[in-house]
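Before any comments, here is the structure.
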Number of protein chains: 2
Amino acid sequence: MAQKDEFALQSFLPYLLNQAAEESSLAFQQIYKDRYGMLRTEWRVLFHLGLYGRLTAKDIGARSRMHKTKISRAVQRLEDRRFLTRAPDDADRRQEYLDLTTQGRAAYRDLHGVAQSYDAALADTLTAEEERILRIALRKLARMD
Amino acid sequence: MAQKDEFALQSFLPYLLNQAAEESSLAFQQIYKDRYGMLRTEWRVLFHLGLYGRLTAKDIGARSRMHKTKISRAVQRLEDRRFLTRAPDDADRRQEYLDLTTQGRAAYRDLHGVAQSYDAALADTLTAEEERILRIALRKLARMD
DNA sequence: TGTTGTTAGTTACAAAATCAACCGTTAACA
DNA sequence: TGTTAACGGTTGATTTTGTAACTAACAACA
């Protein structure tokens with residue numbers, strides 16, 4: 001009655017995904033932390049603003065699926081450190097538009113470049129086919145398709 | 001002088017990996033939390049013990065790459081809730097062997113089964129080829145190969 | 001208008017993760 | 001042996017996150 005147990009922890013997709021995610025973001029995390037004292041949430045907010053321009057906190061939430069309290073705190077910290085400014089929306093005074101400052105845009109450009117080469121380096125550990133399929137599969141799993 | 005900027009946040013591998021990891025572990029997380037009041041760290045420790053049998057905290061750390069304080073606290077909580085016991089190692093009294101209790105093994109078997117079908121459901125959203133390549137690529141990125 | 005419900009964002013408090021310092025034990029080696 | 005370093009594991013202080021309740025503004029509609 002030997003029970004076949006091929007299902008090791010290492011084949012559990014959420015576990016694998018987590019390990020790969022952690023391992024792959026470690027070095028990059030160190031960079032935005034060291035250079036700009038940013039946390040991951042802050043880096044993400046900065047990235048969204050750098051990429052799409054003026055957004056409200058809500059917009060960022062919709063795109064990133066970060067919880068609004070996380071965004072609120074990240075925006076606060078980025079404002080404190082002069083990476084962004086808030087502009088009231090007169091048409092709807094519940095929300096505020098967020099804009100990167102000159103300093104914010106500089107940080108964005110810097111980190112954008114780092115991310116780009118970091119991504120290329122990661123992809124280099126894979127074959128072209130693996131990379132292509134990986135991106136497709138991840139989009140599906142993240143429900144981003 | 002239009003600068004081509006194809007590098008969106010959504011193509012950054014660490015970001016994609018994180019989103020996929022979060023999205024894919026959400027529902028499962030709810031299960032071990034609801035059924036056994038476990039946190040992710042605790043579930044991981046339980047799983048390692050269920051899968052490999054008696055281990056020390058250090059062994060678990062080496063396999064999972066969790067920080068030792070996380071493991072220490074997870075072990076503590078699992079012991080408090082009678083999912084595992086500690087046995088002193090007389091050959092090296094710095095470390096302790098950890099063993100699942102009957103209750104611990106039952107929880108492991110239950111969650112193991114859930115994980116198995118959960119994994120199958122996730123894989124169902126992918127083609128066979130995508131799944132195969134995905135696992136290979138993730139193993140490489142997680143440096144588990 | 002006025003009441004009720006919804007939305008954008010913040011805040012307060014509890015839960016959890018991180019980091020450094022720590023304790024007892026073992027290893028290395030003069 | 002005696003001294004110093006390294007190791008396994010724990011603890012405490014601080015930081016970060018999660019959850020819920022909150023405020024202020026808007027919307028819907030009687």
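Below, chain A is the first sequence line, B the second, and so on; all start at residue 1.
- For residues 69-86 of chain A, proximity to DNA chain C is found at Thr69(A), Ser72(A), Arg73(A), Arg86(A), defined as any non-hydrogen atom under 4.0 angstrom from a strand atom.
- Ring-plane geometry between Tyr32(B) and Trp43(B) is classed as parallel, the angle between the planes falling under 30 degrees on a 0 to 90 degree scale with a further cut at 60.
- Residues Phe47(B) and Tyr15(A) place their aromatic rings such that the two centres sit no closer than 6.0 Å.
- One atom, CE of Met38(B), and another, P of dA16(C), lie 14 Å apart when rounded to the nearest Å.
- With the nearest nucleotide of DNA chain C identified for both Lys68(B) and Ala57(A), Ala57(A) has the one nearer the 5' end.
- Taking the side chain as every heavy atom from C-beta outward, Phe12(A) and Tyr118(B) approach each other to under 4.5 Å.
- When rounded to the nearest whole Å, the span between CG of Asp92(A) and P of dA27(D) equals 6 Å.
- Only one option out of Asp99(B), Val75(B), Leu98(B), Asp59(B) pairs with Leu49(B) in a side-chain contact (heavy atoms from CB on, under 4.5 Å); it is Leu98(B).
- Of the residues in residues 21-33 of chain B, not one comes within less than 4.0 Å of DNA chain D through any heavy atom.
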For this session: Test Asp110(B) against Tyr36(B) for side chain to side chain donor-acceptor pair (under 3.5 Å), laying out the working first.
Result: CA-CA 10 Å; Asp110(B) 177 31; Tyr36(B) 303 101; 2.5 Å; yes

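- The separation between Glu42(B) atom CD and dA16(C) atom C1' is 11 Å, rounded to whole Å.
- Across Leu46(A) and Leu78(A), no two heavy atoms sit closer than the pair N-CD1, 4.1 Å.
- The CD atom of Glu129(A) sits 11.5 Å away from the CG atom of Leu134(A) when rounded to the nearest 0.5 Å.
- Along DNA chain D, the nucleotide nearest to His67(A) and the one nearest to Ala91(A) differ in position, and the one closer to the 5' end is contacted by His67(A).
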Short N/O separations, protein against nucleotides 1-7 of chain C, under 3.5 angstrom:
{"from": "dT7(C)", "atom 1": "O4'", "to": "Arg94(A)", "atom 2": "NH1", "distance (Å)": "3.4"}
{"from": "dT7(C)", "atom 1": "O2", "to": "Arg94(A)", "atom 2": "NH1", "distance (Å)": "2.9"}

Exercise. When you look at Glu23(A) and Arg65(B), which way does the side chain to side chain contact (heavy atoms under 4.5 Å, CB included) test go after all the steps?
Worked result: CA-CA 10 Å; Glu23(A) 184 70 31; Arg65(B) 295 194 207 134; 3.0 Å; yes

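- In this structure, the side chains of Arg44(A) and Lys70(A) stay at 4.5 Å or more apart for every pair of heavy atoms.
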Problem set entry | Leu138(B)/Leu17(B) under side chain to side chain contact (heavy atoms under 4.5 Å, CB included): CA gap, chis, key distance, verdict | CA-CA 9 Å; Leu138(B) 290 179; Leu17(B) 285 162; 3.6 Å; yes

